[in-house]
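Structure first, then comments.
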Amino acid sequence: MDYLIEHKQKPKSLLHEKYAFRYFKKLTRKRAPEVDEYHILNDDEVKTIQLIRRNTLFFAGLFGSLGIISLYLPYYLCPEIFWVFTVNIPGMAQIPIPIMFTIYGLILAILEIAALVVLNLRTVHQIAFVCGFPSREDPDYEKHIETLFEVSLEKPNKQILIFGIDPLAGLSKFNIILFTTFNLLKASLSNVLIKMVLARVFGRYMLRAYIDLIGIPVFAFWNMYAANRVIREAKVRIMAPNMIRHLSYTLHKKLHEDDHFKSTLYDVLQFIAVTKRNFHHNHFLLVESLIQVFEFELKKQAPLSREELIKKAESLNENAKQGLARLLIFGIMIDGKLSYREKIVLEELHREGLIHIDFKILKAWEKSFLEGRGMNELLEAKII
């Protein structure tokens, strides 16, 4: 099929990406230990990853704290350095422009981002090394290295769009812009909001310096949150590829002659993507793997609603329903996140009889997956 193309290393258009990727490739030269096919972790490996996580969170929080201290401490101790340029506009008040403080803040921000990128690169490499991923013998070795690099830089993976599947289908442009803006500026917005509340509550009784320094725990928190997200993402990307391959071939072995099931696959994959509402590499791998083994055709149509999907599933035989339900749950869980909104969707499917697995069990499976214990329960459970 013409949309299944051989993976080639993506050119790094930005200078900092080129140097970061070169550094990451240097880290991966050390040969990782051999582990089992599904990268199931033993107790010692779990403890090692927990230690890596603690160290990473500590340094991420430290960088956030030092960034705020380095920004405001010189500003209040040596205010004469940060001269302000004043603009006079006729008929209006004078507008002060803190040029030196702005330039100094940008320099500190760049240094902090660079430090966090290096921290992420080292953390992702360390976790991958413990997991023995990727194997040098894996034909997709370079592809996996590229994927881990994307995790380190928190770059969204939108390859799933080549299959005509858009997780944001149905959302207005305004909602998409609002969601994206908040994700990019959530630390700054949180800091501004907290400052406004403190200024409102304490007014002139609280010194301006103390209000500015409240950003220390705020930015430390968001740095730690982002670092924890990178760690979580690295683990699910490492654990998922072989499980996706295993599920795809298991479904193919049982249902490759069932044309009704094959015709439903694309609808299920679209439904999963829209339910998740995010671009995720594991979803792309799942779609790619199923297209390769089942060779089904892509469709040009809007995603099915829950009611339409359930109605279509009712026309399948029991084996096909079992496979569809397993794929549905697997697809929703494969990014390592089960949100409240997804809980509502799964409970609705449970009431309609499409799946017969309690949400608490799904959360237990999610925890097992994130801890590196695999998804054997899901792959072997009776879903309906």
Side-chain angles (χ1 to χ4, degrees), residues 16 19-21 23-24 26-28 30 32-33 39 41-74 104-133 147-155 183-195 209-239 335-337 366-367 369-373:
H16 77 275
Y19 284 109
F21 189 68
Y23 176 70
F24 190 68
K26 185 177 180 180
L27 291 175
T28 59
K30 186 177 179 181
H39 304 287
L41 303 180
N42 59 40
D43 291 338
D44 289 338
E45 290 166 339
V46 170
K47 289 178 181 178
T48 301
I49 291 178
Q50 288 174 344
L51 178 60
I52 294 170
R53 178 178 178 272
R54 286 196 295 269
N55 290 339
T56 300
L57 295 185
F58 170 77
F59 282 106
L62 180 64
F63 293 158
S65 301
L66 290 178
I68 296 298
I69 293 172
S70 301
L71 179 64
Y72 286 111
L73 203 59
Y104 178 60
L106 287 173
I107 293 172
L108 287 179
I110 292 171
L111 291 175
E112 183 180 347
I113 291 171
L116 290 171
V117 167
V118 172
L119 180 65
N120 286 346
L121 291 169
R122 294 184 64 85
T123 298
V124 171
H125 163 66
Q126 289 169 353
I127 294 173
F129 184 83
V130 172
C131 297
F133 180 86
T147 297
L148 293 175
F149 176 71
E150 288 177 353
V151 174
S152 304
L153 266 60
E154 299 186 78
K155 294 182 64 177
N183 276 332
L184 291 174
L185 302 176
K186 53 182 174 281
S188 297
L189 292 174
S190 301
N191 190 41
V192 170
L193 182 61
I194 291 175
K195 284 183 178 182
Y210 293 152
I211 294 178
D212 286 334
L213 292 177
I214 199 65
I216 293 175
V218 174
F219 282 90
F221 167 79
W222 283 115
N223 276 5
M224 293 169 71
Y225 173 83
N228 190 63
R229 189 173 57 188
V230 168
I231 293 168
R232 184 189 188 104
E233 182 69 9
K235 290 195 293 184
V236 299
R237 290 206 191 188
I238 289 168
M239 305 296 171
D335 66 345
K337 303 172 190 171
E366 177 193 40
K367 181 181 178 182
F369 176 46
L370 289 172
E371 290 177 349
R373 307 299 186 184

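Positions are given from 1, in the same order as the sequence printed here.
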In Å, rounded to the nearest 0.5 Å, how long is the span from [atom1] of [X] to [atom2] of [Y]?
| X | Y | atom1 | atom2 | result |
| --- | --- | --- | --- | --- |
| Ile52 | Leu57 | CD1 | CG | 12.0 Å |
| Lys47 | Asn42 | NZ | CG | 10.0 Å |
| Leu121 | Leu116 | CG | CG | 11.0 Å |
| Ile238 | Ile127 | CD1 | CD1 | 6.5 Å |
| Leu111 | Leu106 | CG | CG | 11.0 Å |
| Met239 | Phe133 | CE | CZ | 9.5 Å |

List the steps, then state whether side chain to side chain contact (heavy atoms under 4.5 Å, CB included) holds for Leu108 with Glu112. CA-CA 6 Å; Leu108 287 179; Glu112 183 180 347; over 6 Å; no
Ring geometry between Phe149 and Phe21 (parallel below 30°, tilted from 30 to 60°, perpendicular above 60°):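 Rings of Phe21 and Phe149: perpendicular, as their planes differ by over 60°.
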Going by the angle between their ring planes, with limits at 30° and 60°, are Trp222 and Tyr225 parallel, tilted or perpendicular?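 The rings of Trp222 and Tyr225 stand perpendicular, inter-plane angle above 60°.
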Nearest atoms (heavy-atom pairs only) where [X] meets [Y]:
| X | Y | answer |
| --- | --- | --- |
| Leu119 | Ala60 | CD2-N, 3.7 Å |
| Ser70 | Tyr104 | O-OH, 2.5 Å |
| Leu71 | Gly105 | CD1-CA, 3.7 Å |
| Gly336 | Val236 | CA-CG1, 3.8 Å |
| Ala227 | Thr56 | CB-CG2, 4.0 Å |

Would you find more than 12 non-hydrogen atoms of other residues, nucleotides or ligands less than 6.0 Å from Phe59 atom CZ?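 Result for CZ/Phe59: open.
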Over 12 non-hydrogen atoms of neighbours within 6.0 angstrom of CZ in Arg232: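 For Arg232, atom CZ is crowded (more than 12 foreign heavy atoms under 6.0 Å).
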Decide side chain to side chain contact (heavy atoms under 4.5 Å, CB included) for Ile216 and Ile69; before the verdict, give the C-alpha distance in whole Å, the side-chain angles of both, and the deciding distance to 0.1 Å. CA-CA 7 Å; Ile216 293 175; Ile69 293 172; 3.6 Å; yes
Using the rule given for side chain to side chain contact (heavy atoms under 4.5 Å, CB included), can you reason through Leu153 versus Glu150, listing the C-alpha separation, both sets of side-chain angles and the distance that settles it, and then say yes or no? CA-CA 5 Å; Leu153 266 60; Glu150 288 177 353; over 6 Å; no
Under 4.5 Å between any side-chain heavy atoms of Asn228 and Arg53, yes or no?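 Yes; the side chains approach each other to less than 4.5 Å.
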Starting from the C-alpha separation in whole Å, work towards a yes-or-no answer on side chain to side chain contact (heavy atoms under 4.5 Å, CB included) for Glu154 and Arg229. CA-CA 9 Å; Glu154 299 186 78; Arg229 189 173 57 188; 2.6 Å; yes
Side-chain ion pair, Glu45 and Lys235, N-O less than 4.0 Å: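 No, no charged N to carboxylate O under 4.0 Å.
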